Amino acid sequence: MAEPPRIVPPLRRKVLPPAPDRDGPPLNAAQADAASHGDTPLLIVAGAGSGKTRTLIHRVAALIRRGVPAGRILLLTFTRRAAQEMLTRCERLVGAASQQVQGGTFHGVAHRLLRRFGPSAGLPADFTILDQGDAVDLMGLTRSALGYGDLKGAPRSAPRFPRAETLLTVYSRHVNTGRPIADLLTDEWPHFTAWAGDVERCCADYVRRKAERNLLDYDDLLLSWALLLEQAPPIAAQIRALYDHVLVDEYQDTNPLQARILRALCPDGRLTVVGDDAQSIYAFRGASIRNILDFPTTFPGTRVVTLEQNYRSTAPILETSNAVISRSRERYSKSLWTERDGGEAPWLVTVRDERAQTEFVVGRLLELHEQGTPLREMAVLVRAGYLSADLEIELANRRIPYEKWGGLKFLEAAHIKDLLAFLRVLENPRDEVSWYRLLRLLPGVGDATARGAIDLLARHAWEPMSIGAVGEPGGLRVPAKARPGLAALAALLDGMRRVERGDRPHGPGESIRLVRQLYDPLLKATYDDAPPRLADLDQLETIAAGYPDRTTFLATLALEPPANTQDLAVGATGEDDALIISTIHSAKGKEWDVVFVLHASDGVFPMARAANDEAQVDEERRLLYVALTRARHELMVTYPLHSYSTRTGGDFAYSQLSRFLDPGVRRTMQRVTVGDDVPELLALPDTTAAPVVDLRALLRGQFGAP
DNA sequence: ACTAATGTCCTTTTT
DNA sequence: GGACATTAGT
C-alpha cells in the first residue's frame with residue numbers, strides 16, 4: 001500500500017533488453033528484395049510473423065548505407081506502441097545513426113510539424129490539444145447549447161437524439177474518410193438518418209467552437225497536416241524537403257485522410273508501405289483496406305513484394321490461425337507457411353465461468369514459469385480492457401507482477417483530468433472545455449452558472465478575475481453559495497498568471513503543487529476513496545517536474561500518455577519480469593512464447609453489437625486472427641460456459657462458443673477441460689452445420705405468406 | 001431559476 | 001460505472 005510513487009519519466013525511447021533475433025538469420029529472398037529496393041514506390045504485403053518490421057528496418061539500414069542521411073528518413077505508424085517498437089528495433093540494428101531517424105505516429109509527427117510551421121499558417125502558438133474525452137465534452141456543450149438536450153414533452157419511447165460521444169464518432173469518421181455525414185448515417189446509424197441536418201449543425205458548431213477557443217482535436221492534427229501540404233505551397237515545399245524517404249508500417253490500419261497526407265508528402269513516390277489486409281482491425285477509426293489495395297494505382301510504378309514465410313509460430317498454431325482467417329470473405333490471397341515443425345496443437349479450454357478461467361490461467365502460467373518461461377514471455381489477450389478485471393484482482397492477491405496495455409488510461413481518471421484543466425486554462429485561456437470542467441468543480445456551481453461565467457470571461461478577454469467580480473454591475477449573478485469558490489478560483493489563476501509574466505515562471509511541477517492547494521480539498525469532499533487519487537496526483541506532480549515547460553508537458557500527455565499506475569504490478573520487485581495483459585489492439589505487432597486468449601465466446605468474439613453486420617463480423621474475425629498469431633510456442637484459448645451479466649443485476653447466463661471456432665477450426669485444436677463439473681456440458685452445439693429444418697422459415701410461412 | 005440527487009439505459013478497440 | 005434525462009430540493 002505504502003509504495004513510493006512510481007516514476008514515469010518523460011516519454012522518450014524506451015530501452016528494451018536485446019531481442020532474441022538481434023542480428024538473426026539472413027533475410028530470405030523476398031525480404032532482401034524489399035530491403036534493397038530502390039527509389040520507386042514499394043508495397044510489401046506481409047503476413048503475420050513474416051518479419052515485416054524486420055524487413056522495414058533492414059530497408060532503413062540499406063538506405064543509410066546508400067548514403068541517405070538518417071535524419072531524412074521518416075518512419076510512420078498508426079499506434080504509439082508500434083512506433084516505439086519500430087524505432088527501438090531500428091536503433092538496435094543500425095546503431096547510433098538511427099537515433100536521428102525521424103518517426104512516430106501520424107498524429108505525433110503532425111503535431112511536431114504544426115508547432116514548427118503552424119505560426120506561419122495562422123495557427124496561434126498556444127493552441128491546446130483535445131484528447132478523446134475533452135472532444136466529447138466539447139461536443140456535449142454544443143449539443144445542449146443548440147437545444148438538443150432536453151426535448152421536453154417527447155414521449156419516453158421516442159427515439160433520442162444521438163449522444164455527444166456518437167456525434168463525435170460520426171464527425172471523426174467524416175473527417176477521416178471524407179464521406180458526407182448523411183451517407184455515414186444511412187450506412188451505419190440508420191436510426192439517426194432523420195436527424196442528418198441536426199447532426200451536421202452540431203458538427204458545424206463543434207468546428208466553430210474549436211476554432212474560436214484555439215483548440216485542436218486529434219483529427220485536426222491530421223487534417224492540418226494535409227491542408228498545409230495541399231494548400232500552402234511554400235510550407236509544403238519546406239515539409240517535403242525534410243525527408244528523402246518515407247516508410248509506413250501497419251499500412252492496413254491507415255485511413256483515407258492519412259493516405260491523402262502520404263500522396264501529398266511523397267509526390268515523387270519515394271515511399272514504402274508495409275501491411276497485411278488480414279490484420280486490418282481499425283475500420284472503426286475509418287481505416288480502409290482500400291488503402292492497400294489501391295496503393296499501386298495511386299502510385300504508378302509500384303513494386304509489390306509478398307512475404308509468406310512465417311518465422312514466429314509453430315506449425316500447429318499456424319494451422320489454427322489459417323483456418324480461422326480462411327473463413328474471411330475478402331482478402332489478399334496469400335497463405336502462410338513455416339519450416340518450424342513440432343509443437344503442440346493449441347488448447348481450447350472449456351471452463352465453468354470466469355472464476356475458473358482465472359484459476360486456469362494463473363495455474364498454468366505459474367506452471368510454465370516454473371518450467372523456465374519468464375513472465376514477460378507470456379501474454380494474456382482480451383477483446384476489451386474490462387474483460388481482464390477478474391484476473392487482475394487474482395494476480396494482485398497472489399503478488400504476481402503484471403503490466404497492462406490498452407484499456408483505461410491513467411489520464412482518463414476524473415481527478416487527473418480535473419487537475420490538468422487548471423494547467424490548460426493557464427496555457428490557453430480560451431479553453432472552454434477546461435473552464436467548464438473547473439467551474440463545475442466548485443460547490444454551488446452548476447451548468448447555468450458555469451456557462452454564464454464562460455460568457456463573462458469571453459467578454460473580458462478571458463481574464464480570470466472577471467469571474468471573481470460577482471454581484472457587481474456587469475458581473476455575474478450567482479447563488480450565494482457559489483461565490484467563495486469562484487473568488488478563490490479567480491484569485492488562484494490570476495496570481496499564477498501574474499507570476500508567469502514575471503521573470504521566473506513556475507515549472508509544471510510547481511504549478512501542480514500550487515493548484516492542489518485549491519483542488520485537494522475539493523477532491524476530498526467529492527470522493528470517498530480520496531487517498532489513492534491523491535497518490536495519483538503526487539505521481540502526476542513528479543512526472544510533471546521532469547518536463548522543461550508546460551507546453552511540452554501538456555502536449556506529450558495528450559499524444560503519448562504514460563501507462564496507468566493503479567493497475568501496475570503490485571509484485572515485490574516488479575517491473576523486470578511481469579506478465580503482459582493486453583487488449584488485442586494494443587498487442588498488434590508483438591509476439592510471445594505463450595499466449596492466452598480469454599473469453600472466446602459469442603458476444604465477445606464477435607462483440608454483440610458487431611454481430612449483425614457482415615463487415616464488422618469480418619473485422620472481429622481478423623481481430624481473433626491477430627490474437628492467435630501472437631503466439632510462438634503455446635497458445636491457449638479459454639471459453640467460459642457461464643457468463644456473469646451485470647446488466648440483469650448479477651444473473652448467470654449461458655454463453656456460446658465463438659462462432660469463429662467452428663468444427664473445422666476445432667479439429668486443429670485440442671480440447672481441454674478444467675474442473676469436475678464441466679464435462680457433461682461439453683457437447684458444444686455445432687452452430688455452423690446446415691440445420692435439418694429451417695424452423696424459422698416454417699413458422700414464418702404458417703399463414704401461407706409468400 | 002438553478003443545483004443536487006435520483007432514475008434509466010447501454011457498456012469496444014486508439015490517436 | 002458513466003452519460004443523460006428527470007425529479008426533488010433550495
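In what follows, every chain begins at residue 1, and chains take the letters A, B, ... in the order their sequences are listed. Since the model is a prediction, treat every value here as computed from it, not as a measurement.
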On the nucleotide [N], are OP1 or OP2 found under 4.0 Å from the side-chain N or O atoms that [X] carries?
X	N	answer
R143(A)	dA5(C)	yes
S586(A)	dT14(B)	yes
R80(A)	dT15(B)	yes

Can you tell me the distance, in whole Å, between the [atom1] atom of [X] and the [atom2] atom of [N]?
X	N	atom1	atom2	result
Q258(A)	dT14(B)	CD	P	16 Å
F605(A)	dT13(B)	CZ	P	12 Å
N176(A)	dT15(B)	CG	P	14 Å
L168(A)	dC4(C)	CG	P	11 Å
H585(A)	dT13(B)	NE2	P	9 Å
R622(A)	dT13(B)	CZ	C1'	13 Å
L624(A)	dT13(B)	CG	C1'	15 Å
R483(A)	dT3(B)	CZ	P	14 Å

Near-parallel close stack of F78(A) and dT14(B) base (under 5.5 Å, under 30°) | no

Distance-only donor-acceptor pairs under 3.5 Å for side chains of residues 103-113 of chain A, two or more places apart:
residue	atom	partner	partner atom	Å
T105(A)	OG1	G108(A)	N	2.8
H111(A)	NE2	R115(A)	NE	2.9
R112(A)	NH2	G103(A)	O	3.1

Ignoring the backbone of T449(A), work out which of dT15(B), dT13(B), dC2(B) is nearest its side chain.
-> dC2(B)

Does [X] reach a base, just sugar-phosphate, or nothing at all? Heavy atoms under 4.0 Å.
X	answer
D447(A)	sugar-phosphate
Y282(A)	sugar-phosphate
A558(A)	nothing
R163(A)	sugar-phosphate

Taking T358(A) for the side chain and E354(A) for the main chain, is one N or O donor matched with an acceptor at less than 3.5 Å?
-> yes

DNA chain B nearest-nucleotide lookup for A448(A) and T79(A): closer to the 5′ end is A448(A)

What residues, two or more places apart in sequence or in another chain, satisfy side-chain contact (heavy atoms from CB on, under 4.5 Å) together with [X]?
X	answer
A414(A)	R437(A), Y527(A)
A611(A)	P606(A), R659(A)
A450(A)	Y436(A), L439(A), R440(A), V445(A)

Among side-chain atoms of R213(A) and T128(A), is any donor-acceptor pair under 3.5 angstrom?
-> no

Identify, with sequence neighbours excluded, every residue that meets ring-ring contact (aromatic ring centres under 6.0 Å, His included) alongside F284(A).
-> Y282(A), H585(A)

Could you tell me how the ring of W592(A) sits relative to the ring of W405(A): parallel (under 30°), tilted (30 to 60°) or perpendicular (over 60°)?
-> tilted

Do any N or O atoms of the protein come closer than 3.5 Å to N or O atoms of nucleotides 4-6 of chain B, and which pairs are they?
residue	atom	partner	partner atom	Å
dA4(B)	OP1	G444(A)	N	3.0

